[in-house]
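Heavy atoms only: backbone and side chains are in, while hydrogens, waters and symmetry mates are out.
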Amino acid sequence: MGTIRKYDKEDGVATYHAEVRLKGYPKQRASFRTRTLAKKWIQDTESSIRDGRHFHIAEAKKHTVKDLIEKFVNQWLPQFPHRIVRQAAYLEWWKIRLGHLALSKLTPVVIAEARDALLTETTTRQALRSPATVNRYLAAFSRALTIAMKEWGWLDDSPMRKVSKPSEGQGRNRLLSIEEKNRLLHTCKLSPNPHLHSIVSLALLTGMRFGEIVGLKWEDIDYANKIITLEKTKNGERRMLPLTDPVQKILSLCRQTDITSGLVFRPTSRTNRSGVVDIRNVFTKALKTAKILNFRFHDLRHAAASYLAMAGATQGELMAILGHKTPTMTRRYAHYSQKHISNVMEKTQANLLEEVNDE
């Protein structure tokens, strides 16, 4: 039920105080210059309260984007230690650009303008951000907005839902040929770094990410049941891989020298502050020595997936091995499987024809 009261100021200007009272809800008050505006506010407020939107709107007016990001980083993000550094960096950009805005002013148009700015800005390497990187910025902010909507009641809906993401294209998929693979492994074996050959070999055999390999601990390896458990994965979910004989052979060559951290590959340098080994520089040198161009460490994961596909692994099996939540990422390897099937059929058909001709 809404009421309006008129008050005349000393200067003769009238104001209209509107009040809404609905059973089970706190009173809502506001002042307006005209009775018409007061009536409209009463109608909108009563409707939004009944629909469950009003108090979210009120909260959105009370909090800024800066408030949201700081609370998210301090209270929610620590639950996922592997995400903190990168996600906090993405969110810091949003806080600098939009932190002053009240959440009620954060519209899809505002976010879309920020997205376009991300696409036009240059990175520290003096290159434009790729669409894939921009999507990571959007995903980090979207996650914070979703938590604010679902758990804090600061938003009625996430404005990010109406913002389009830049197209990433088909994505990078550099296949390492067998000849290149052999040259690389030979070069890694000659490297002065004691971990390089083992780390690269594990990446090729298992498709594990760099962070998953260097974060691997001896306690993650179950020799009795022949299972490797990856606790720290990109999507935050535990993943288990079979401890095959070739993988077990590689691990047997790694000495368990770090009792404190229990890491399979511990840093050889005392100045390493990250607590895990980093062989990126020596890997780059190995690529140069092996004369392998346009290749990165993460491409070893793609190479492993490609070899598995050519060996006949199904899409579901690839998803389980690589830890993909959806088949979208795994589909990129389908053509390797089809190519292998085609080669097998050609060889089989050729042999059949030769047998017919011999008869």
Side-chain angles (χ1 to χ4, degrees), residues 172-223 225-234 239-258 261-269 272 274 276-313 317-318 320-324 333 336:
R172 179 184 174 88
N173 192 16
R174 165 70 158 90
L175 176 63
L176 190 68
S177 68
I178 299 298
E179 183 184 355
E180 288 177 322
K181 182 260 297 179
N182 292 336
R183 291 206 313 266
L184 176 60
L185 289 175
H186 176 71
T187 304
C188 290
K189 188 172 288 187
L190 299 177
S191 171
N193 187 288
H195 300 313
L196 182 61
H197 183 264
S198 297
I199 290 176
V200 171
S201 298
L202 281 180
L204 282 170
L205 290 173
T206 65
M208 285 194 288
R209 299 179 178 89
F210 178 78
E212 294 170 348
I213 295 175
V214 299
L216 192 64
K217 295 184 178 182
W218 291 108
E219 64 187 40
D220 300 330
I221 303 168
D222 184 349
Y223 287 98
N225 296 306
K226 287 186 169 291
I227 292 175
I228 298 175
T229 302
L230 303 178
E231 298 288 351
K232 297 181 179 180
T233 63
K234 184 178 179 181
R239 185 165 93 254
M240 290 187 288
L241 293 172
L243 179 60
T244 60
D245 289 340
V247 172
Q248 188 167 341
K249 184 178 180 181
I250 292 172
L251 293 174
S252 67
L253 299 175
C254 303
R255 292 186 302 172
Q256 189 172 344
T257 54
D258 192 339
S261 67
L263 291 169
V264 174
F265 305 104
R266 73 182 183 94
T268 54
S269 172
N272 192 312
S274 66
V276 296
V277 67
D278 192 346
I279 49 86
R280 296 181 190 277
N281 289 334
V282 289
F283 179 71
T284 301
K285 291 179 182 178
L287 290 173
K288 188 175 181 180
T289 302
K291 297 181 180 179
I292 298 175
L293 304 176
N294 188 31
F295 197 82
R296 302 179 299 202
F297 189 92
H298 193 73
D299 292 329
L300 293 170
R301 177 172 164 84
H302 297 316
S306 302
Y307 297 148
L308 287 167
M310 286 188 283
E317 290 167 342
L318 286 174
I321 294 170
L322 300 175
H324 290 161
Y333 307 112
Y336 291 116

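- To the nearest 0.5 angstrom, E212 atom CD is 8.0 Å from L241 atom CG.
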Determine, stepwise, if the pair I221 / L243 fulfils side chain to side chain contact (heavy atoms under 4.5 Å, CB included). CA-CA 8 Å; I221 303 168; L243 179 60; 3.8 Å; yes
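- Classification of the F283-F295 ring pair by plane angle, with boundaries at 30° and 60°, yields tilted.
- With a 6.0 Å radius and a threshold of 12 heavy atoms from other residues, nucleotides or ligands, K226 has its NZ atom above the threshold.
- Taking each heavy atom of L318 and A305 in turn, the nearest pair found is CD2-O, 3.9 Å.
- For R301 (side chain) and L322 (main-chain N/O), a donor-acceptor pair under 3.5 Å exists by modelled atom type.
- In this structure, Y307 and L205 have side chains that are not in contact, with every pair of non-hydrogen atoms separated by 4.5 Å or more.
- Taking CG of D299 as the start and NE2 of H302 as the end, the distance is 5.5 Å to the nearest 0.5 Å.
- When all heavy atoms of F265 and C254 are compared, the closest pair comes out as CE2-SG, 3.6 Å.
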Between N182 and E179, does a side chain to side chain contact (heavy atoms under 4.5 Å, CB included) hold up when you go through it step by step? CA-CA 5 Å; N182 292 336; E179 183 184 355; 5.7 Å; no
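- Nearest heavy-atom pair, T206 versus V247, reported as atom, atom and distance to 0.1 Å: CG2-CG2, 3.8 Å.
- Nearest heavy atoms, D220 versus G215: OD2-O, 4.2 Å.
- Smallest separation of non-hydrogen atoms from I292 and R183: CG1-NH2, 3.9 Å.
- The line from CG of L216 to CD of E231 is 10.5 Å long, rounded to the nearest 0.5 Å.
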Trace of the side chain to side chain contact (heavy atoms under 4.5 Å, CB included) decision for L300 with L184: CA-CA 11 Å; L300 293 170; L184 176 60; 4.1 Å; yes
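- The minimum heavy-atom distance between C188 and A286, with the atom names listed, is SG-CB, 4.2 Å.
- If you take CG on L308 and CD1 on I321, they are separated by 5.0 Å, rounding to the nearest 0.5 Å.
- For the atom pair CE (M240) and CG (N225), the distance works out to 10.0 Å, reported to the nearest 0.5 Å.
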Show your reasoning for whether side chain to side chain contact (heavy atoms under 4.5 Å, CB included) applies to I279 and F297. CA-CA 10 Å; I279 49 86; F297 189 92; 4.0 Å; yes
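- For the pair L204/L185, a side-chain contact is recorded, criterion being any heavy-atom separation below 4.5 Å from C-beta on.
- Using a 4.5 Å cut-off on side-chain heavy atoms (C-beta onward), D222 and T229 make no contact.
- Taken from CG in L202 to NE2 in H197, the straight-line distance is 10.0 Å, to the nearest 0.5 Å.
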